[in-house]
Number of protein chains: 2
Amino acid sequence: MLREDVATSPQLLRRMNVGAVLRYALAAQTFLASEVMAATGLTRSTVLGLCDTLVAQGWIDEVADSREAGQYSKGRPARRYRLRDRAGYIVAVDAGQHTVTAAVADLRGTILARTGHTIDGVQGPVRRTAARGAVDSVLAHADVRPEEVFLVVVGVPAPVDGQGHSPAGHDYWQHMNPGFPAVFDDCGRTMVDNDANLAALAEHARNPGLDSFATLLSGERFGAGLVVDGRLLRGRHGGAGEMRLLDIVQGAGSSEGLGFLAREWAVAASKARTLPPGSALAQLPRAQLSAEAVFAAAAGGDAAAQGIVDRLGERLARVAQILVSLLDVEKVIVAGAIAQAAQPVIDKAAAVLDDVFQPPVPELAASTLGADGVVLGALECGLSMLRDEPLSFAPFRPGVAR
Amino acid sequence: MLREDVATSPQLLRRMNVGAVLRYALAAQTFLASEVMAATGLTRSTVLGLCDTLVAQGWIDEVADSREAGQYSKGRPARRYRLRDRAGYIVAVDAGQHTVTAAVADLRGTILARTGHTIDGVQGPVRRTAARGAVDSVLAHADVRPEEVFLVVVGVPAPVDGQGHSPAGHDYWQHMNPGFPAVFDDCGRTMVDNDANLAALAEHARNPGLDSFATLLSGERFGAGLVVDGRLLRGRHGGAGEMRLLDIVQGAGSSEGLGFLAREWAVAASKARTLPPGSALAQLPRAQLSAEAVFAAAAGGDAAAQGIVDRLGERLARVAQILVSLLDVEKVIVAGAIAQAAQPVIDKAAAVLDDVFQPPVPELAASTLGADGVVLGALECGLSMLRDEPLSFAPFRPGVAR
DNA sequence: CTTATTAAATATAGGTTCTAGATTTAGTTA
DNA sequence: TAACTAAATCTAGAACCTATATTTAATAAG
């Protein structure tokens, strides 16, 4: 491969140009030579030659519908090319603490199959088996064989450094990140990353132009994926975005998440019998005092629930204030399964931020991705790696040796 | 110029290779074709052709001392090339609140002249005039004319975004960053950046392998330059590293810096007459109760001064804790003019960090650059821009039209 | 049904750039 | 002075891309 900062030969130039056209194909799926000419500045002869190469390599196909698909056009009909979006596949896995979710997508990012299972245990071996099972299940559903997979991207609830490793010394992290590459050694390359980081990548892909923001997973514990100046922050050991610092922030108190606290505070109020008799929360058995129940009651006007929501909103505002004032992010996206239910909390927090900051006040909003953020981020991570270095993957075609 | 993601022609390939050799020259100053061959993988013919180009453009010279300088060697003596380190110049300016410092360096980064002045006032026009005066002074000392300058890099005590602008709405920031490019319009390109950011770049250049760290300017106010994963963070409006968040951190209290607080607390103790009669601080008139005096007294064993140092150390530890735990930086470098004097404070803070963190404990250390950090960082900023895009500059040679 | 028109595809020639290998050159060493 | 050595130079040759002319495959008009 290339040494760093290295000079190049004509062959390498060809490789660069093949890559440029392939990138265009990945973005456009079906395209004409003229479009590539406009996008790259290359001559028609050159572009057609590059397309020939890509056809030979199995990345694109020539299709015959140049005229039918397009609007009316005079002159000789143009060849039309189409990305072979089944030339390879990307597998995305959210290996959460209690559940594993897997999805398989084609090269355009279209999800072909998706599944979720609970994991019975937190031990590494159990998690490895569960992840492999989920992946085998989606591959079977989508009729994809492991050798057709370009890339497996796994999200885990632990800090992960640039090499996919979690810091030593914490058994929990090693259990959460128990060496997935070995599990998927027949499925192309495997990448492991932190779940909040992947969720942030998903948001980045869905918010064009938003280049500095934080994605705050906020269910049981706070954890942030930080994107500043268009880049995801990792830090020395992958610990960027860990929220232990909240222990020493006034008004934030701890890194426990919104879901956890809503439940705890409701249960505490119930035990302390401070809930007014008329409160909706008082009607529920303690086992059903979930965060969602609290938020729903608050939305219904219940004063006790509203009190909890207000406290949570102030706490969330503190968290957002920290991130915004240290990193100058323009938006904090509250993500995770409870994000949408927590809209009342977010509204309260946004009001607090309005007081804290001079305009322009940073945005605070719930993610629209719900519980799928991590899986979608894993997919996005894989797609962006594909876009960055498409030629480092080899298209799979039945009957053709790789 | 190039469209993004664009394909290339043979001419552009040549340009890339010329750039690669020039980068080598900038790093090596004097070199042989064989070395470039080894570094780039190119043929001798090609490398010599590229060197011819660079000679013609005025970037390098052929020098005759191939044998003399080198160790014994058999065979035909190799041509030796040398960077024309006076093909252009880089001007670095630290436009601080009270003082302006300027330096001019050649392409190798060797400083040719340096000067410092106090600024009489905080108004934009005054600062512009002072900066221009300082630059004219160093240029005259180094016998450099403005048109020979490639790049002027100015550090200011205000947030600065990627375009060199400071956020509107704060008059102070506009005064600090009053449109320097117009002042240096005869000196090549002008770049403006935040002072702490530049100090961080200086540290980055001097600590190879250190890729995630914070540089904490800590004199009158805390301000951090954040480098994570090898990149300087800016944020949406250039506000990354602003330390206003300390207002809500327990034990940190405010964003006032070590120098400010040491002085304030010593004066307060003096006014409250709580200094023991034997204390070295009690001997001093209040106007001389500087931070340096407090640190010196503490080093000399004075108990009252030691008390102040301990309080400062705990506060500094909090600041470092915040940065480390949110960004996973491996080191916090205390910079600014008082950094070295503040060693007792740093020692105290390091001891606190030892308790707070599990191993590996993040490092905390004083910068070795003293008050020059910002100027050196501005120079480093210019050099790295030169290294990234050398061919975007045109060498200056007397008698040759540009 | 033929002809004009149009735009894409193809073919041809030419220029740049790099590589590979043979030959020459400029020194040292014996 | 001759042998040796490694750099420089010279000569082909191959891979690209471009520019321009020619051909081709469609539609539209007469």
Side-chain angles (χ1 to χ4, degrees), chain A residues 2-3 6-22 24 30-56 60 62-81 391, chain B residues 2-3 6-22 24 30-57 60 62-82 391:
Chain A
L2 278 183
R3 265 164 292 190
V6 125
T8 48
S9 63
Q11 287 84 337
L12 193 50
L13 184 140
R14 181 66 168 191
R15 189 182 161 87
M16 290 171 56
N17 286 347
V18 171
V21 176
L22 179 47
Y24 190 92
T30 147
F31 63 96
L32 309 177
S34 317
E35 295 166 8
V36 178
M37 291 166 62
T40 62
L42 294 168
T43 311
R44 164 162 267 111
S45 326
T46 306
V47 171
L48 291 176
L50 295 168
C51 289
D52 285 349
T53 303
L54 288 172
V55 168
I60 61 176
E62 194 174 339
V63 290
D65 59 334
S66 62
R67 220 50 163 275
E68 301 88 81
Q71 56 284 45
Y72 163 75
S73 88
K74 296 180 280 192
R76 177 173 177 172
R79 284 186 184 179
R80 180 166 290 267
Y81 296 95
L391 294 176
Chain B
L2 279 182
R3 266 165 292 192
V6 123
T8 47
S9 64
Q11 287 84 338
L12 193 50
L13 183 139
R14 181 67 169 189
R15 191 182 161 87
M16 289 171 57
N17 286 348
V18 171
V21 176
L22 179 48
Y24 190 92
T30 146
F31 63 97
L32 310 176
S34 317
E35 296 165 7
V36 178
M37 291 167 63
T40 62
L42 294 168
T43 311
R44 165 162 266 113
S45 326
T46 306
V47 170
L48 291 176
L50 295 167
C51 289
D52 285 349
T53 303
L54 288 173
V55 169
Q57 293 182 354
I60 61 176
E62 194 175 338
V63 290
D65 60 334
S66 63
R67 218 49 162 279
E68 302 86 83
Q71 56 286 44
Y72 163 76
S73 86
K74 296 179 280 192
R76 177 173 177 170
R79 283 186 185 179
R80 180 166 290 266
Y81 296 95
R82 182 169 53 204
L391 294 175

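Residue numbering restarts at 1 for every chain, and letters A, B, ... go by the order of the sequence lines.
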Between the protein and nucleotides 21-25 of chain D, list every N/O to N/O distance that falls short of 3.5 Å.
unit_1	atom_1	unit_2	atom_2	d
D:dT24	O2	A:R76	NH1	3.4

Given side chain to side chain contact (heavy atoms under 4.5 Å, CB included), test B:R14 with B:T53 step by step and report yes or no. CA-CA 10 Å; B:R14 181 67 169 189; B:T53 303; 3.6 Å; yes
From the options D:dC17, C:dT19, D:dA8, select the nucleotide whose nearest atom is closest to the side chain of B:T43. C:dT19
Just to confirm, is there a sub-4.0 Å distance from OP1 or OP2 of C:dT17 to any side-chain nitrogen or oxygen of B:T46? no
d(CG, B:L48; P, D:dA6) in whole Å: 17 Å
In this structure, CG of B:N17 is separated from CG of B:L12 (nearest 0.5 Å) by 10.0 Å
A:S34 side chain: which of C:dA8, D:dA8, D:dC17 is closest? C:dA8
Nearest heavy-atom pair of B:T30 and B:E35: which atoms, and what distance? O-OE1, 4.3 Å
Which one, C:dT17, D:dC17, C:dT19, comes nearest to the side chain of A:R14? D:dC17
side-chain contact (heavy atoms from CB on, under 4.5 Å) involving B:S34 - partner list, sequence neighbours excluded: B:R44
Here's a test of your reading of the structure: between B:Q11 and A:Q11, which maps to the more 5' nucleotide of DNA chain D? A:Q11
When you measure from the side chain of A:R79, which nucleotide among D:dC17, C:dT19, C:dT10 comes out closest? C:dT10
Which nucleotide in the set D:dA6, C:dC18, C:dT10 lies at the smallest distance from any side-chain heavy atom of A:R44? C:dT10
Decide side chain to side chain contact (heavy atoms under 4.5 Å, CB included) for B:L42 and B:V36; before the verdict, give the C-alpha distance in whole Å, the side-chain angles of both, and the deciding distance to 0.1 Å. CA-CA 8 Å; B:L42 294 168; B:V36 178; 5.6 Å; no
Compare every heavy atom of B:I60 with every heavy atom of B:F31, then report the nearest pair and how far apart it is. CZ-CD1, 4.1 Å
Write down the distance between CD (A:E62) and C1' (C:dA9), rounded to a whole number of angstrom. 11 Å
Among D:dC16, C:dT19, C:dT6, which is the nearest nucleotide to the side chain of A:K74? C:dT6
Between P of C:dC18 and CG of B:D52, the distance in whole Å: 12 Å
Reckon A:N17 has a side-chain N or O less than 4.0 Å from the OP1 or OP2 of D:dC17? yes
Selected nucleotide, minimal atom distance to A:S45 side chain, candidates D:dA19, D:dA8, C:dT17: D:dA19
Considering all heavy atoms of both residues, which atom of A:Y81 and which atom of A:D52 are nearest to each other, and what is their separation? OH-OD1, 4.5 Å
